[in-house]
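Numbers restart at 1 for each chain; the letters A, B, ... are given by sequence-line order, proteins then strands.
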Number of protein chains: 2
Amino acid sequence: MERAPTRKRENSEQRILDAAISLFATRGYAATGIRQIADKVGLTTASLYYYAQTKDELLLRVMRVGLGELLASGEEAVAASTDPREQIRGLLKVHLNFAAGNPERARVIDNEFQWLDDEDRESVIALRDAYEQLWADAITEGCRRGIFLVKNVSLTRLALLEMCNGATHWYRANGPMSLEQIVLAFEDMAFALLRTDEPLTVAPAPGAGLTVETAQSPQ
Amino acid sequence: MERAPTRKRENSEQRILDAAISLFATRGYAATGIRQIADKVGLTTASLYYYAQTKDELLLRVMRVGLGELLASGEEAVAASTDPREQIRGLLKVHLNFAAGNPERARVIDNEFQWLDDEDRESVIALRDAYEQLWADAITEGCRRGIFLVKNVSLTRLALLEMCNGATHWYRANGPMSLEQIVLAFEDMAFALLRTDEPLTVAPAPGAGLTVETAQSPQ
DNA sequence: GTCTATACTAGGATAGAC
DNA sequence: GTCTATCCTAGTATAGAC
């Protein structure tokens with residue numbers, strides 16, 4: 001029937017979620033009051049309850065939507081190539097775009113899921129695990145083919161993701177490095193990590209043959 | 001005169017700090033009530049105020065002590081050798097021992113300094129910066145000598161530290177990897193990161209100007 | 001859809017007895 | 001050194017008018 005209420009609803013709904021993201025990111029979920037959210041949107045607390053029945057429903061929605069997008073983008077990136085190197089490149093781009101493109105939302109998703117109740121947390125962690133599995137699969141497949149050389153897939157995956165998430169702490173849109181430059185820099189670091197060090201542990205004599213292992217099969 | 005009050009005081013004081021660390025780590029500073037701290041120690045909230053005049057004085061003490069220890073250990077590790085590789089090895093060991101040896105305290109130090117007032121936060125960040133500078137100096141010196149090859153010292157330092165801090169999230173004392181094994185694995189990853197891929201394809205002219213950026217914010 | 005008004009709980013902090 | 005008792009503020013959430 002009438003469209004006005006719907007338009008209005010979508011407006012306030014999104015504004016409430018945006019305000020929640022911003023406050024959850026800077027003050028943490030627990031320290032954020034619904035009064036603050038309401039103030040930021042320009043509504044009263046009572047009005048918030050028209051859109052969400054509890055405070056943690058807001059958090060849940062932020063996480064479900066965000067992780068859903070991340071997972072979808074990740075799956076798309078992985079599907080774009082069968083070459084593990086290209087898959088990692090794609091995942092890096094997706095992850096850094098996500099982390100730097102909306103660092104507040106990324107920080108909330110990263111840090112606040114302890115506040116969800118058991119059931120919700122489980123469903124959110126399932127999304128996160130599915131996403132991390134994309135990385136694990138690409139790394140494992142790269143190792144299987146001898147393109148990557150890592151001793152411990154899980155440790156490497158954690159190091160890579162942790163490294164990328166660091167960007168949510170220091171990335172600024174108007175900083176000295178563009179997002180493209182950052183992606184390139186992280187590609188360098190990621191591919192450095194994806195080769196085990198052992199073949200390199202002998203310090204190269206300067207000037208002498210700086211033989212660097214290129215990606216090659218172990219046989 | 002009497003020693004009893006002193007002994008008593010030191011006992012409760014440490015117990016209060018330990019309880020605060022544990023609660024700040026699992027629930028966050030803002031979501032932790034002084035009533036919870038008091039309950040955990042077995043005192044009343046009024047008694048807490050005998051030891052600390054405000055809640056954030058507890059947080060400040062945790063951070064000052066912790067970062068002070070970390071900085072001292074870091075300086076010791078760096079002083080133990082002039083070889084940047086050994087310095088990095090020492091810093092890795094110090095950092096991982098700190099992060100895994102008391103992950104709760106490490107998480108508090110890492111995540112909660114936003115709650116300090118401006119003056120206290122400044123002094124705490126100065127400690128953290130001094131510690132991070134140890135890493136930056138070791139990396140820079142390694143690059144100067146042509147031992148390390150990194151494009152961006154700050155980005156690499158951040159990636160390394162972020163990677164290590166990840167251990168506070170997943171390390172368990174009774175997990176499948178011992179702390180020694182983890183240190184070794186991180187040494188591999190760290191030294192992999194400290195050589196960028198690209199410059200290695202060209203043998204660096206030894207001693208010649210391998211111009212390396214000095215420490216600065218990565219952006 | 002948004003409001004006013006309000007219920008109820010828990011927060012940090014203090015005074016003063018023991 | 002630790003307590004009881006209490007102040008005041010801010011928290012989430014709800015009822016019901018408009």
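With rounding to the nearest 0.5 angstrom, the CG atom of B:L92 is 9.0 Å from the CZ atom of B:R89. Between the CG atom in A:D110 and the CD atom in A:E162 there is a gap of 7.5 Å [rounded to 0.5 Å]. With values rounded to the nearest 0.5 angstrom, B:R128 atom CZ is found 11.0 Å from B:R121 atom CZ. In this structure, the separation between CG on A:L149 and CG on A:L193 is 12.5 Å, given to the nearest 0.5 Å.
If you measure from atom CD of A:E13 to atom C1' of C:dT2, you get 15 Å, rounded to the nearest angstrom. Between the CD atom of A:E57 and the P atom of D:dT14 there is a distance of 12 Å, rounded to whole Å. Rounded to whole angstrom, the span from the CG atom of A:N11 across to the C1' atom of C:dT2 amounts to 14 Å. Atoms CD (A:Q53) and P (D:dA13) sit 10 Å apart, rounded to a whole Å. Going from atom OH of A:Y49 over to atom P of C:dT6 covers 18 Å, rounded to whole Å. Taking atom CD1 on B:I16 and atom C1' on D:dT2, their separation rounds to 11 Å, with Å as the unit. Between B:D39 atom CG and C:dA10 atom P the separation is 12 Å, expressed in whole Å. Regarding B:Y50, its OH atom lies at a distance of 17 Å from the C1' atom of C:dT14, rounded to whole Å.
A:I21 and A:V108 get closest at one heavy-atom pair: O-CG2, 3.6 Å.
Within residues 41-48 of chain B, the residues approached by DNA chain C to less than 4.0 Å at the level of any non-hydrogen atom are B:T45, B:A46, in residue-number order. Taking every heavy atom of residues 21-38 of chain B and every atom of DNA chain C, pairs under 4.0 Å involve B:T32, B:G33, B:I34, B:R35, by number.
A donor-acceptor contact shorter than 3.5 Å links the side chain of B:Q87 to the backbone of B:S81. At distances below 3.5 Å, not a single donor-acceptor pair connects side-chain atoms of A:Y29 with backbone N or O atoms of A:Q114.
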| CA sep, side-chain torsions, deciding dist, call: B:I139, B:L160, side-chain contact (heavy atoms from CB on, under 4.5 Å) | CA-CA 11 Å; B:I139 298 170; B:L160 277 173; 4.1 Å; yes
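Note on ring orientation: taking the six-membered ring where Trp is involved, the planes of B:Y131 and B:H95 are parallel (angle under 30°, cut-offs 30° and 60°).
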